[in-house]
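Note sheet for the following structure.
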There are 2 protein chains.
Amino acid sequence: MSGFREDRFVDGDKVRQAHSKLIDGSVAIWLAELFKALADPSRVRIISALTHTELCVHDLAAALDMSQSAVSHQLRSLREMRLVRYRKEGRHVYYQLDDEHIRDLYRRGLEHIEHG
Amino acid sequence: MSGFREDRFVDGDKVRQAHSKLIDGSVAIWLAELFKALADPSRVRIISALTHTELCVHDLAAALDMSQSAVSHQLRSLREMRLVRYRKEGRHVYYQLDDEHIRDLYRRGLEHIEHG
DNA sequence: CTAACATATGAATGTATGATCATATATTCA
DNA sequence: TGAATATATGATCATACATTCATATGTTAG
């Protein structure tokens, strides 16, 4: 008994097969978290800006026409999700995409939108 | 004047450059919507199940151990986002992923999680 | 040291959203 | 036709979350 509901009539084989190939619950949560990090227009625009170059918070806010606070809060989410990394230089903090996987996810999403 | 805030002192060039390469606001919204559709554990698990085969609502619910209503509601989101398509056969409705782009996004997200 | 600047963060608030429950619609079967 | 089955959907409710405002922390310049 690998844990799915067997206490009622179901077309056993298909369901059992589907269940056995299902990703683990905690993986589903992590994966959802990853996509959640990209699931907001402001964060998408931040990612978009960082696709081309690194930027400090102030310049990001200016380029996106968002408040410094809003940008900073969103960067926090992106940091926690490891979608961006940063380096400090004096009183500035420069952000960039964490790796190519992120750029790739972003680009593929964009392709799907544009060819849809 | 392409629309970004110029009414205060900024390091013009970097900001102007970043702003000019930014994706359009409505594209950002669409892209966010796409990722939003993948930004929930239940929907991720549904996608996961449909990665291998098409399934009807009832079997999906059984395999995922979710209520029929919850699955149906989530399938609605996925339908509206064009992540899944369906065919009716008698009283059953069989769902499958809409295209390879979706499978691809899902897989790449999964890779990012697993190699992270 | 003080003022100005850059960033981060906590609280408050309005909005979005996922699950459940009840119910509606549609199809098959006896 | 009526019962059973499969799916969809509206209402409700609790929770999550994005923005704003106020403020704290840290850095540089004068």
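Note on naming: letters A, B, ... go to the chains in the order of the sequence lines (proteins, then strands), and numbering restarts at 1 for each one.
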What do you reckon, is OH of Y94(A) surrounded by more than 12 foreign heavy atoms closer than 6.0 Å?
yes
Whether D98(A) and R82(A) form a salt bridge (side-chain N of Lys/Arg under 4.0 Å from carboxylate O of Asp/Glu) is what I want to check.
no
Starting at CZ of R87(B) and ending at P of dA6(D), how long is that distance when rounded to a whole Å?
16 Å
If I take atom CE in residue M66(B) and atom P in nucleotide dT7(D), what distance separates them, rounded to the nearest angstrom?
14 Å
Inspect the contact between R76(A) and E80(A) and indicate whether a charged nitrogen and a carboxylate oxygen are less than 4.0 angstrom apart.
yes
What's Y95(A) touching, base or sugar-phosphate or nothing? Going by heavy atoms closer than 4.0 Å.
sugar-phosphate
Taking any atom under 4.0 angstrom from a heavy atom of chain B, which nucleotides of DNA chain C are the first and last to qualify, 5' to 3'?
dT17(C) to dT28(C)
Please tabulate the protein-to-nucleotide N/O contacts below 3.5 Å involving nucleotides 21-30 of chain D, giving atom names and distances.
unit_1, atom_1, unit_2, atom_2, d
dC21(D), N4, S69(A), OG, 2.7

Protein-nucleotide distance (L78(B), atom CG; dT9(D), atom C1'), rounded to Å
16 Å
side-chain hydrogen bond (donor to acceptor under 3.5 Å, both in side chains) filter on E33(B), not counting sequence neighbours, yields K36(B)
Pick the closest DNA chain D nucleotide for K36(A) and for Y94(B) by heavy atoms, then say which residue is nearer the 5' end.
Y94(B)
How close or far is atom P of dT9(D) from atom CG of L75(B), stated in whole angstroms?
11 Å
With respect to the phosphate group of dT19(D), does any side-chain polar atom (N or O) of S42(A) fall under 4.0 Å of OP1 or OP2?
yes
Under the side chain to side chain contact (heavy atoms under 4.5 Å, CB included) criterion, do T51(B) and R107(B) qualify, and how do the steps go?
CA-CA 9 Å; T51(B) 298; R107(B) 287 210 182 114; 4.2 Å; yes
D40(A) has an atom CG; how far is it from atom C1' of dC17(D), in whole Å?
9 Å
Under 30°, 30 to 60°, or over 60°: which ring-plane class applies to F35(B) and F35(A), parallel, tilted or perpendicular?
parallel
Do the side chains of E100(A) and R103(A) get close enough for a salt bridge, i.e. N-O under 4.0 angstrom?
yes
At 4.0 Å (heavy atoms only), tell me whether K88(B) reaches a base, stays on the sugar-phosphate, or touches nothing.
nothing
Atom CZ of R79(B) with >12 non-hydrogen neighbours under 6.0 angstrom:
yes
Would R87(A) and Y95(A) count as having a side-chain donor-acceptor pair, cut-off 3.5 Å?
no
